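As structure tokens, the structure follows; a few thoughts come after it.
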Amino acid sequence: MSSVTLSNTAIRQPNKVTLFFRYLRRNPSLTFGLLIMLFLVIFTVHGLLTINTKDAYPLAVRPKMPPSFQYPLGTDFFGRDLYAAMVIGMWQTAVIGVFAGALGTIIGTIFGFISAYFGGFIDAAITSICQILIPIPAFLIQVIIAGSIDKRSVTILTMAWVVLLLAWMGPTLVIRAQVLSMKERQFVSVAKLSGMTSLGIIFKEILPNLLPFIAAAFIAQVFQAVFASFYLAIVGLGPVREPLLGNTIWSAQTQGAFFNGWWWWPIGPAVAMILILGSLALINMGMDEMANPRIRRSE
Amino acid sequence: MNFRLLSKRLLFLLMVVWAASTITFFIPRISPKNPVRERFAELARTGGFSPEDLEVIVADYSQRFGLDKPLLQQYGDYMWGILRFDLGISLNKFPKTVMQLIYESLPWTIGLVFITTILSFILGNWLGALAAWPRSPDWLKNIATSFVLFQGVPPVLLGILLIFFIGFKLKLLPLGGAYSIGTVPDQSIGFFLDVLRHQLLPGIALVLGSVGGWVISMRGMGVTIQGEDYVTFAEHKGLGPRVIFRDYYLRNALLPQITGLALALGNLVTSAIVVEGIFALPGLGTMLNSAIRSNDFSVIYGIVLFITIGIATLMVIVEFLYPLLDPRIRHQ
Amino acid sequence: MQKSFKLISSLFVAAMLMVSAMSFAQDLPDVPRNQTLILGWDLSAAVVGVTNPWALPGYTHQRGNAFLWEPLSYYGIFKSEEIPWLADSMEYTSDDFTSMEIKLNPMAKWSDGVPVTSKDVVFTFEGQMNNQTLPYHAAFNQYVESVEAVDDLTVNVTFKIPAPRFKFEVLTLKFDTGIPIVPAHALEAQEDVNAFPGGLDMPHSGPYNLVAWDLNQKIFDLREDWWAVEAGRIGVPEVKRIVMANIGGQQMDNIAQRIVNNEMDAALDMRSSVIKSIVEQNPMVTTHSGDQPPYGYLDWWPNALWMNTQLEPYNDQRVRRAMSLAINRELLDEIIYEGAGITTIYPFPLYPALQEFADSPAVKALEEELQPGLYDPEQSAALMEEAGFTMNRDGLWEKDGETVSAIIQGFEQIHSDIVPFLVEMLRNAGFDADVNFGADSYQNMADGVAGLYMFGHGASLIDPYAALELYHSRYSAQIGTSAGNNRFSRYANPEYDALLDEMAPLGADNPRFQELAAEALGIYWKEQIDIPIIQWLHRIPYNQTYWTNWPTADNPSLGENGAFWAHTGMLVVTNLKAAQ
Amino acid sequence: MANLLEFKNVSKIYKRGKTETVALDNLSLTLKDDEPTILTVAGESGSGKTTLAMLLLGFIEPSLGQIYYQGKDISLLSGSERMSFRKEVQAVFQDPFAVFNPFYTVEHLLEVPIKRFKLAKSRAETRDKMAEALTAVGLQPDEIFGRFPHQLSGGQRQRINIARALVLRPKILVADEPVSMVDASLRANILETLRTLQRNYGVSIVYITHDLTTAFHIASSIMVLYRGSVMEAGGVEQVIKYPQHPYTQLLVDSIPWPDLNRRWGQTDLEPSEDSVIGQGCKFYARCPKAMEVCRSRPPLFQLEPYQTASCFLYQEKPKLESEQLSKTLPV
């Protein structure tokens, strides 16, 4: 008897961490994206611990210095240490992206669930609002909103709110569709028979299965939010003094950095922007595979 | 074609227009700014208005633009105007109407945005299909997949780099403008090619920036199709891989992508707004940008609304075209 | 795939047809490049098709309309000379500056052949008096009693009060101020002159016709029958065609690249960081000062940090002074302007006559005493403490739990190089500074809702009165109403007003005027009404590949400033010589 | 003798736009408290058997009529009554994979009801209960715990499913085609488990199937549904061996009996010309023996003590009120 149990344990699946790594090996885009993201996180965290925040603002260091040992990414026209500016900028970009992305996803998930689970009038109302709002280009509305806010109080967080306002419809529709299909699955009926309440079913039975979709929606939202914050910075609607990546790239452009041969000024934040957005795109593609079992099968 | 569906879609269109115009109407009015005063205050920079006069003029023009009426009445007038394709008068460019301004700048945007959307659609779907196609060589798959990374390159950034390296350093293509300075537009092939040459760099920036999205979704679609029985069946029938790729695989995978076309257009418009500025192309984007910078509210609303209606209309058109492309779907 | 290519090309053709169906209906003659002048300017923010100077608020002289419209007189600032134009003479006929006689040039005529007569001048003046939308309505209302046509070529103006500066400030075109004369016979026919766009055919007196426009460019062609050549005012212009190309939305970086690549002959003024690289990268490009710093000429627009003196805590002279003491002008000169002395302590530009005033012993003594340009953080801190502020944990001054709201309202296109430095200097001295480059920044200034603005003082050119008058209490309007033209301080001081009122009827060459002006400047410095920061320089790149004889320090021409977009832009263009 | 469950003239009508679909038509049925039985509900897809199950489980509400559980209308149960109804009326579903939440290991299926109905006081007790239930359905608990559904065979999964019902000690178990997706070799085993349940634990089982062979093996009574109406009902031996209703005959004839002499699919079913009939017999369109009288709705006729059919072929037999249907179903 005991030997049987033993052999059963032996064929049991390896633990989740090992499984995760095995899965990563089969999903190179996810792996690659996560690696870049990990690198960016380490870079930012390490930077935040070592830099002097003041160096990210003008008049801190000698201006217009090419990269050197002392200033690994050089300094700009305004006398900012570009390394410090990039660390702070990535942190602020991350704050906007994650804040707007997370809230957008959470709101979308809640609306999606409400819509799908209760159906009827509520469902019709939520879905038609989403469908009506979706063709309206979010950026344009963001521009109007950002332009109407008193800019004296624009901070990183206000910017995140502006980005958030139109970031919930996508997740709402995705989650709604998924919940609708989940709701018809038999394990929901079984859970009902097992005495679970509606809330219990939503949170314990349906939600866990939607995690890949929610994660994918989240990544997509973060991507959109980072992009939107970049564009808003470019049309001059962001917090100008802050070294947001978009602001730094744009100020390099307005001071003619390329033309004047200060190539190191825009390169750092541009590469950071590309890495952030690129890794999000890769992770998104990887998530797609995770959420779509048919793609997974073919790997 | 079914009339009930048609009327349903038209209702949807109306709702979109209503929502967009309501948002654009109310949001700026929540803020305490008076666009007329802002415009005249700015004008006073070069002139000699006295403060008292300015207030009188502001009142006069507020009346002219209907800004002194109760909010609801303004809203009603605004809506009624939209129904008559009257988006109002530009504050900054008085006496021009917003529709005139849109008409002047629209062709450039249509030229740029449409062509780049379609190019990126074709290129992205082709690459996405190749990335998912089991028979394509590994290097091809890798190249196709690496286009996803370009999604992370904002077209504006790409535009700046292209201008500097291709335009300025290599002098291969013009650095900006819609056509060569001093050329008089006509309908000759020469002018056509000149415009094309000027659209090339902004076009590349927009296409590269948007192609990745199509690659991702097409790749997903393609893999799904592969598992379908009809593909397997076609293989067993002994059809060549080219035929299978084109007739069974690409065609079926492509269909759902078309629904995304109208929405993608919306995203591209966002990029185009900023890219047009970089390249000094006098399209809707540049118009919008200058309106934003000069507080020309009626132009901002007008363009936002116009773009929204355009996208929503395209969505509806695509929906009706869809059954023509996919014989499996028939509107009942 | 073939299908889709067909689709693309047909779409493209459709778009092309729409483009060419625009306003380029008629065929234009070919003008070779060596007779064409290409100017880069922002057309996107302008109503490119509007040519009527009274079409407001859409009209601007800056986008080439200055090539169409002419004044009674121009002024050549660098030669301190009046340049008579439509008027042969314009003289005050009484010692107390209360009447004036204007004599028109008999050759002057409109582009449709109708002569320019006193009727047009009366129409122009009375229009300004009666039409409140027009920008000089206030000035005419304040000063002008009546306008009378004596004969076809003579106009008499009677003033309500002494108006010693009216001729220069209003009737003479220079920089961005003054009025052109408009054709009575064209505008009389209009029901609403403010809503009439003018278009291609509106009769005008200037040398060029607007022949075509779209949002990409405006094309002006030389008129063969321009009266000024016959009248001997000027030689036949060599520039046969002006193409004003849109660079709106493009960044300084890209515009600089286009100039280096010889795409344009001149463009808007550059920031100091860029102009040096342009001159270095293309030897054919020159500037007002050649290839030497500061690469530009002095504009009339010295920039200051304006403060709303009605608003807490800017209503406290000590706070204003403390802020001024936090600004390190030497450092600004060194970092931004490569050591060129651009920073200033004056509210007016140091043109010859004003330089003379600044160098006068009375002003020198005041400067010695009040030290308006002093940088002294310790003294700044002491003043803040005296004003009741304490330093909080963030290193910012605080009073009643509020930091000093020091958000500088500015304009990205022209202030993006200097304002970040000012913000940081203020922050380092404990002021809670930030920057707003938003589209609302100008209104914030005009309405006085914000405390701190970076903006110019376009006012004085030949005597300090106009600049000093900006701080007269008649502009001390209540917060929330528009302060109007460059009068953002809302400052009120009876003592100061008395000085200005006494100066008003006096000519600038009156010794009493000079005395009063020095006293007023003393109050300006002592009270620190605002903080003068920099002289404004126009660093315009001039490409000499096709055109020479640009107005420079060595070649002052008629003494006009070198901005082709200013009212005197027509003089710049018509004096150019072909290089090839 | 209290009624455990009673359907009183229950109808379920689905409306979609202007079209109405009658999924269940005026059904009355009673299950007794002290007589655990196995009742087969048979019919092709669309016959209303799944609707019956959903109504019984309280997932949907009847459009007409009432359903009583232990004498109380189930749509009006109080909180605690609802909990005990929930616990005592259980189901085993057709797809042994879909019932598992793929996110969890298989014991989640057993754990949830134990927790929800507070059947155990501690973790250890929970585990014991689960082990007990698994053993009862013939599984080795050690082989099951910690596995994900896709790591088990269909038979194992279905038995876990039954174990889940078992844990709750239900009074009624709805078995909705429990063996149709299980390998043939395991069917007998699972059916046997069901029968054991009924005998040893006193559970009444409503066995829903389209497969008359399995019904024949385990059930004691049968009810044949066609488009929401009862066609024939009675003792399972009686009905399957001597089917009287043309529809039942068709069904029985379609069974591939392992008897070489017996032809399979002998009866030829030609649809009669009138294919649609509003008020008449629902089988009219497909019935080879359709008559003029069939244009009106046939009532139930009692053929034998334990057999009744709704067909005018037997119109000389005594009518049976539809409320009396349960009387013809042997326990």
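Below, chain A is the first sequence line, B the second, and so on; all start at residue 1. What you are looking at is a predicted structure, and each value in this text was computed from that prediction instead of being measured.
Taking the six-membered ring where the residue is Trp, the centroids of C:Tyr59 and C:Trp54 are separated by 6.0 Å or more. Between C:Phe140 and C:Phe166, a ring centre-to-centre spacing shorter than 6.0 Å is recorded.
Put simply, the side chain of C:Ile242 does not reach to within 4.5 Å of the side chain of C:Ile219, judged on heavy atoms.
Interface remark: B:Phe121 contributes no atoms to any contact with chain C (heavy atom separation under 4.5 Å). In this structure, no portion of C:Met244 lies under 4.5 Å from any heavy atom of chain B. Only the backbone of C:Ile247 comes within contact range of chain B, judged by heavy atoms closer than 4.5 Å. Looking at C:Glu169, neither its backbone nor its side chain comes within 4.5 Å of chain B, counting heavy atoms on both sides. For a residue to count as touching a neighbouring chain, one of its non-hydrogen atoms must lie under 4.5 Å from one of that chain's; by this rule C:Gln128 does not touch chain B.
The residue among B:Pro174, B:Pro282, B:Ala178, B:Ser180 with the most heavy atom pairs within less than 4.5 Å of chain C is B:Pro282.
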C:Asp42 vs C:Gln62, side chain to side chain donor-acceptor pair (under 3.5 Å): CA-CA, chis, key distance, verdict:
CA-CA 10 Å; C:Asp42 181 359; C:Gln62 289 197 335; over 6 Å; no
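Between the side chain of C:Tyr546 and the main chain of C:Gln35, no donor-acceptor pair closer than 3.5 Å is present.
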